[in-house]
Amino acid sequence: MDTAPAQDPGQLTFRDAADADVPALVALIESAYRGDSSRTGWTTEADILQGRRTDPDGVRRVVEAPGSRLLVVERGGELVACCQLEHRGEAAYFGMFAVRPGLQGAGLGKVIIAEAERTVRESWGVREMHMTVISVREELIAWYERRGYRRTGDLSPFPYGDERFGIPQRDDLAFELLVKDLG
């Protein structure tokens, strides 16, 4: 699903992830959300969660799952971002969104989320995009609101005690469902 020529270093290329991409994708996702490297960007969760954000098995499950796509975003042949798209009936789920920390704030996220929305409309004919965001991530939620997503107030509990989701540094975490009408 290439959408831009790879030879132009300024253009983004979107493609489905392959098994060979898994190690680089894990490194990208971890760098965007955890540890000191994530503090270079603004999407860090390092102050609210420690430990891993994902692992090779988790990423591989997304790559291989039916009705799921993990989009790899490259510029000049170099991995710069990724996002998960999952078909859920009349809606699609958007997750595992990561942009290399040093490139955050330069407008890539806007372009990538717009391409993700276009992709799910064209591929699956869905009318809504759903995502869950940790409810205390006010700056991130505000960014999604500026892209047309709305807070639903629908909260699901954070899986405390399941280190696959990280080690919480506070006791008030929950996931909030955000929704955007794609019609």
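The figures that follow rest on heavy atoms only: side chains count, while hydrogens, waters and symmetry mates do not. Along the sequence shown, the residues carry numbers beginning at 1.
- Summarising the geometry, atom CD belonging to Glu74 is positioned 6.5 Å from atom CG belonging to Leu79; distances are rounded to the nearest 0.5 Å.
- In this structure, Glu30 contributes its side chain and Thr54 its backbone to a donor-acceptor pair below 3.5 Å.
- In this structure, Phe158 is not a member of the same hydrophobic cluster as Leu155, with clusters built from ILVMFWY side-chain heavy atoms closer than 4.5 Å.
- A continuous path of ILVMFWY side-chain contacts below 4.5 Å connects Leu103 to Val73, so both sit in one hydrophobic cluster.
- Taking all atoms of both residues into account, the shortest heavy-atom contact from Phe175 to Thr132 is CB-CB, 4.0 Å.
- For the residue pair Arg69/Thr119, the side-chain donor-acceptor check at 3.5 Å is not satisfied.
- The backbone N or O of Val99 sits less than 3.5 Å from a side-chain atom of Gln104, completing a donor-acceptor pair.
- Contact detail for Ser31 and Pro101: the closest heavy-atom pair is O-CG, 3.1 Å.
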Check: residues 18-29 side-chain donor-acceptor pairs under 3.5 Å, at least two apart:
residue	atom	partner	partner atom	Å
Asp19	OD1	Arg60	NE	2.7
Asp21	OD1	Arg15	NH2	2.9
Asp21	OD2	Arg15	NH1	2.8
Asp21	OD2	Ala18	N	2.7

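- A heavy-atom distance below 4.5 Å is not found between the side chains of Trp143 and Val133.
- Both Leu140 and Ile112 are part of a single hydrophobic cluster, where members link through side-chain heavy atoms under 4.5 Å apart.
- Between Val59 and Met96 there is a side-chain heavy-atom pair separated by less than 4.5 Å.
- Minimum heavy-atom separation, Phe97 to Cys83: CD1-CB, 3.9 Å.
- Counting only heavy atoms from C-beta outward, the side chains of Leu85 and Met129 approach each other to under 4.5 Å.
- To the nearest 0.5 angstrom, Ile134 atom CD1 is 6.0 Å from Leu173 atom CG.
- A chain of hydrophobic side-chain contacts below 4.5 Å, direct or via other Ile, Leu, Val, Met, Phe, Trp or Tyr residues, connects Leu12 to Phe94.
- Listed by chain and residue number, Glu138, Glu176 satisfy the salt bridge (charged side-chain N to carboxylate O under 4.0 Å, His left out) test with Arg151 (two or more places apart in sequence, or in another chain).
- A salt bridge links Arg118 and Glu115; the closest N-O separation between the charged side-chain nitrogens and carboxylate oxygens is under 4.0 Å.
- Proximity of a side-chain donor or acceptor of Tyr149 to a complementary backbone N or O of Ile141 within less than 3.5 Å is not detected.
- Remark: the Ser68 side chain and the Tyr93 side chain contain no N/O donor-acceptor pair separated by less than 3.5 Å.
- Counting all heavy atoms, side chain and backbone alike, Asp172 lies closest to Tyr160 at N-OH, 3.3 Å.
- Atom CG in Asp154 sits 11.5 Å away from atom OG in Ser135 (nearest 0.5 Å).
- Tyr144 places a side-chain heavy atom less than 4.5 Å from the side chain of Ile113.
- Looking at heavy atoms from C-beta onward, Leu70 lies in side-chain contact with Gln84 at the 4.5 angstrom threshold.
- Atoms CZ and NZ, on Arg150 and Lys180 in that order, are 12.5 Å from each other to the nearest 0.5 Å.
- Here the side chains of Leu71 and Asp16 are in contact, with some heavy-atom distance below 4.5 Å.
- Annotation for Gly89 and Val126: closest pair O-CG1, 3.7 Å, computed over non-hydrogen atoms.
- Electrostatic pairing of Arg147 and Glu117 does not count as a salt bridge here, judged by no charged N lying under 4.0 Å from a carboxylate O.
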